[in-house]
Amino acid sequence: MPDTVRGRYMAGEDFAVTAGWGHFGAGDAVMPRRGRIVERAYRPDERAVLAEHVAVLGETTFDVYLNGESFWRNVPSGLWDYRLGGYQVLKKWLSYREREILGRRLRTQEVQHFADTARRIAALLLTAPPLKG
């Protein structure tokens, strides 16, 4: 869920991805950077919503920053760490949305797309058969 540090609605520059998720490498190649994430324990209300799914979605959660003011709250570690083709899906998406790369702020629909993608990853993780070890 998108949020701001001050708890207000996002507007204007809140939609600019400037937290250092990506940069241009050699030629036009986009290279990922660390960005800004804050790992934390779930709040009691967040843990209650996930209930028994915490074991699959991850024991900790992240707040994933677009910039110094706005962020997506409560991205479970299993979603954040999910890889496809060797790449962290959500982090890779952010690397291409850095304002330096994209040339503009995100649109409202793009902010929502990140949240929708995280939900789809959660659905994949929750419906996948357990790994045999």
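Quick caveat: nothing in here was measured; it's all calculated off a predicted structure.
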Backbone N or O of F71 within a donor-acceptor pair of the D3 side chain at under 3.5 Å? no
Applying a strict under-4.5 Å side-chain criterion to I, L, V, M, F, W and Y, I'd like to know whether V89 and L126 cluster together.
yes
* **Close side-chain approach of H113 and R107, heavy atoms under 4.5 Å** => no
Exercise for review: Without swapping roles, check the side chain of T61 against the backbone of V75 for a donor-acceptor pair under 3.5 Å.
Suggested key: yes
d(I101 CD1, F24 CZ) to nearest 0.5 Å is 4.0 Å
R104, CZ: over 12 other non-hydrogen atoms inside 6.0 angstrom: yes
Looking only at heavy atoms, the pair that brings P76 and L50 closest together is CG-CD1, 4.3 Å
- Task: Any chance you could lay out the side-chain contact (heavy atoms from CB on, under 4.5 Å) test for W80 and I37, step after step, and finish with the verdict?
- Result: CA-CA 10 Å; W80 179 251; I37 57 173; 3.7 Å; yes
**Prompt:** Would you say the side-chain atoms of S95 pair up with the backbone N or O of P32, donor to acceptor, closer than 3.5 Å?
**Reply:** no
Is a donor on one side and an acceptor on the other found under 3.5 Å between the side chain of T60 and the backbone of E39? no
* May I have the step-by-step check of side-chain contact (heavy atoms from CB on, under 4.5 Å) for R33 and K91, ending in yes or no? => CA-CA 9 Å; R33 285 186 173 160; K91 183 177 180 181; over 6 Å; no
How about F15 and T108: do any of their side-chain heavy atoms sit closer than 4.5 Å? yes
Q) Do R8 and E69 pass the side-chain contact (heavy atoms from CB on, under 4.5 Å) test, and can you show the C-alpha distance, the side-chain angles, and the key distance before you say yes or no? A) CA-CA 10 Å; R8 59 176 173 69; E69 179 63 26; 3.4 Å; yes
With D63 as partner, the option from R36, R43, R40 fulfilling salt bridge (Lys or Arg N to Asp or Glu O under 4.0 Å) is R40
Value for NE2 (H23) from CD (E98), rounded to nearest 0.5 Å, stands at 10.0 Å
Minimal heavy-atom distance between M10 and P2, with the atoms involved, is SD-CB, 3.7 Å
Distance col, row Y42:OH vs R47:CZ, nearest 0.5 angstrom, shows 7.0 Å
Rounding to 0.5 Å, atoms CG (D116) and CD (Q109) come to a distance of 11.0 Å
### Message
Could you see if Y82 belongs to whatever hydrophobic cluster contains Y87? Use Ile, Leu, Val, Met, Phe, Trp, Tyr and a side-chain cutoff under 4.5 Å.
### Response
no
Single-linkage hydrophobic cluster L90~V30, side-chain heavy atoms < 4.5 angstrom: no
In this structure, CG of L84 is separated from CG of L124 (nearest 0.5 Å) by 9.0 Å
**Asked** Are any side-chain N or O atoms of N67 and backbone N or O atoms of A16, one a donor and one an acceptor, separated by less than 3.5 Å?
**Response** yes
- prompt: So, does W21 use its side chain to make a donor-acceptor pair with the main chain of Y65 at under 3.5 Å?
  reply: yes
Taking atom CG as the centre, does D45 end up with more than 12 heavy-atom neighbours from other residues, nucleotides or ligands that are less than 6.0 angstrom away?
yes
Under the side-chain contact (heavy atoms from CB on, under 4.5 Å) criterion, do F114 and L66 qualify, and how do the steps go? CA-CA 11 Å; F114 180 94; L66 284 83; over 6 Å; no
Value for CG (L79) from OG1 (T117), rounded to nearest 0.5 Å, stands at 10.5 Å
Any link between V38 and W72 through a network of hydrophobic side chains (Ile, Leu, Val, Met, Phe, Trp, Tyr) touching at under 4.5 Å?
no
